[in-house]
Number of protein chains: 2
Amino acid sequence: MPTIKFYVREGLLPPGRLTSPNQAAYEETHVRRLRLIRALIEVGGLSVASVGEVIAAVDDPERPVHDLLGEAAERMVPRYGGGEEAGDGLVEARERVGELLTARGWRGYPGSAAGEALAVALAALGSVGHERFAEVLPAYAEAAELVARADLEYVGRHVAREELVESVAIGTVLGDALFAALRRLAQIDASSRLYGGPEEEAGDGDRCGEAEPGEREE
Amino acid sequence: MPTIKFYVREGLLPPGRLTSPNQAAYEETHVRRLRLIRALIEVGGLSVASVGEVIAAVDDPERPVHDLLGEAAERMVPRYGGGEEAGDGLVEARERVGELLTARGWRGYPGSAAGEALAVALAALGSVGHERFAEVLPAYAEAAELVARADLEYVGRHVAREELVESVAIGTVLGDALFAALRRLAQIDASSRLYGGPEEEAGDGDRCGEAEPGEREE
DNA sequence: GCTATCTGATAGTCCCACTATCTATGATGG
DNA sequence: CCATCATAGATAGTGGGACTATCAGATAGC
């Protein structure tokens, strides 16, 4: 409950309608909004400040439907402090990003947050000796297109106009987490298949015992 | 430089070989290790503590090649405090994860960190009114397989045995960032294509001006 | 009327990633 | 040889982020 007050203070959550100077009424939308906030923070790993930006975008009625998805997606590139010692392979990486965009026929400018994030990731890979990793970019891009198509299709099928921005925010952030987890699982499977034991690896979760969640206090 | 000392203290970086009580020699491996650390922290968004675990895994010579990939991948699920008020849709989500695993024929137990992460993400999506998002899981899973295959292929082609764990660590963490960026770009393209203007959107990065990196101090 | 509860505001706590200071030792160079 | 200076190692401090606790003041309900 004190956390809620905190979010209100931070502007993430609108204050409840005051029925009297000391009594506020919270409605359905508040609960919904709070769940959104928690999901973005806990699952998406966003900072409170980032959530604020997302919320602002969600609440802005001015957004044209066009580039709204892109814009919203744009706003939530989480990390990257900037890195002043850029030089490294960043310039090259940016070029590579540009090449990829044209090769794929993707609209979008390499200077966008997403493009820059890609360049940073590529540069980081290069700096640890994995410049060849760029070779798998086509496969990654293919997969990304697959996912993006699925996202769009889902949005078109199930999402009302007025919920568009919120859904994009959710899909972008939680989708990342979702896909990351799936990638992990697919990797586990693939590696077990390639290097692994004869056949059996799967089971009902014998080791580690992930079943008990109680591990943190609040 | 003080940061390096800090990492040494935290056990992320081995101390340099002392040539005399006040002079230490750092070699190639140190630089390499430092770059790995920075990449994991800055691009991968891992905490120092998580990096420590990854490093420990990388340095452990006991790991059998089998399940090493999976194990390493397992170790770096970043987020999720645990959440004691689990109940929600988590139980259902776990079931859904199990179904997905069997449907896909993926080896791996739903109770693994990755499986749990997936369940958490699904539950979060459900809690904000997007339970239908599960419908796109097959597409996501397909994409994840694509990516995982590309990863494995890359590893098989370019990575020596003794660098395996490190490469998996890098690939897992930086690959997430890479793919997230690509997904953003693909989404921007797809949405621009669907809702967007007539044809032109791409360009050479006119707005925002991402070119100047200098924004933080160190 | 009395108390328990809620609002809003202010201040404090805890954790994390660093960063600064301090001391002893030894390098460097005139 | 001796003064200056840099460095290793240890200890303590800083700053930011996300909460959390405390404190009036104002009812709501008994």
Side-chain angles (χ1 to χ4, degrees), chain A residues 1-27 29-31 33-56 76-85 124 173 215-218, chain B residues 1-27 29-31 33-56 76-85 124 173 215-218:
Chain A
M1 193 69 111
T3 310
I4 294 176
K5 292 167 100 177
F6 170 67
Y7 290 155
V8 172
R9 262 177 278 137
E10 298 291 306
L12 304 191
L13 206 53
R17 290 290 151 229
L18 287 180
T19 61
S20 76
N22 73 340
Q23 207 74 3
Y26 299 95
E27 17 226 303
T29 61
H30 282 90
V31 181
R33 175 56 56 89
L34 180 58
R35 274 206 272 257
L36 171 63
I37 293 171
R38 295 310 301 174
L40 293 182
I41 287 180
E42 289 181 357
V43 181
L46 263 63
S47 69
V48 169
S50 306
V51 173
E53 290 180 36
V54 173
I55 294 286
M76 57 194 60
V77 182
R79 339 177 194 295
Y80 316 133
E84 69 329 326
E85 46 160 336
V173 175
E215 200 162 292
R216 288 230 170 141
E217 68 295 335
E218 185 169 354
Chain B
M1 195 69 113
T3 309
I4 293 175
K5 292 167 102 176
F6 169 67
Y7 289 154
V8 172
R9 263 176 277 138
E10 297 293 305
L12 304 191
L13 207 52
R17 290 291 151 230
L18 286 180
T19 61
S20 75
N22 73 342
Q23 207 75 4
Y26 299 95
E27 17 224 303
T29 60
H30 283 90
V31 181
R33 176 55 56 90
L34 181 58
R35 274 206 271 257
L36 171 64
I37 294 171
R38 296 308 302 173
L40 293 181
I41 288 180
E42 290 181 355
V43 181
L46 263 63
S47 70
V48 169
S50 306
V51 173
E53 289 180 38
V54 172
I55 293 286
M76 57 195 60
V77 182
R79 339 176 196 295
Y80 315 136
E84 66 334 321
E85 48 161 333
V173 175
E215 201 162 294
R216 286 229 173 145
E217 67 294 337
E218 183 167 354

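Below, all heavy atoms of this structure are taken into account, side chains as well, without hydrogens, waters or symmetry copies. Throughout, a chain's letter reflects where its sequence line sits, starting with A, and its residues are numbered from 1.
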In terms of the nearest nucleotide of DNA chain C, which residue is placed more toward the 5' end: Q23(B) or A24(A)? A24(A)

For nucleotides 21-24 of chain C, which of its nitrogen or oxygen atoms have a protein nitrogen or oxygen under 3.5 Å away, and what is each distance?
none

Under the 3.5 angstrom rule, does the side chain of H30(A) hit a backbone N or O of P14(A) as a donor-acceptor pair? yes

R38(A) side chain near T3(A) side chain, heavy-atom distance below 4.5 Å: yes

With side chains defined as the heavy atoms from C-beta onward, is the minimum distance between V173(B) and V43(B) less than 4.5 Å? no

dA8(D) phosphate, OP1 or OP2, under 4.0 Å from Y26(B) side-chain N/O: yes

Atom CD1 of I4(B) and atom C1' of dA10(D): how far apart are they, to the nearest Å? 18 Å

Is there any protein nitrogen or oxygen under 3.5 Å from a nitrogen or oxygen in nucleotides 16-19 of chain D, and what are the pairs?
{"unit_1": "dA18(D)", "atom_1": "OP1", "unit_2": "V48(A)", "atom_2": "N", "d": "3.1"}
{"unit_1": "dC19(D)", "atom_1": "OP2", "unit_2": "Y7(A)", "atom_2": "OH", "d": "3.2"}

What distance separates [X] [atom1] from [Y] [atom2], expressed to the nearest 0.5 Å?
X	Y	atom1	atom2	answer
L46(A)	I41(A)	CG	CD1	8.0 Å
L12(A)	L36(A)	CG	CG	9.5 Å
I55(B)	E10(B)	CD1	CD	12.5 Å

Residues at least two apart in sequence or cross-chain that pass side chain to side chain contact (heavy atoms under 4.5 Å, CB included) with A24(B), listed by chain then number, are L18(B), Y26(B)

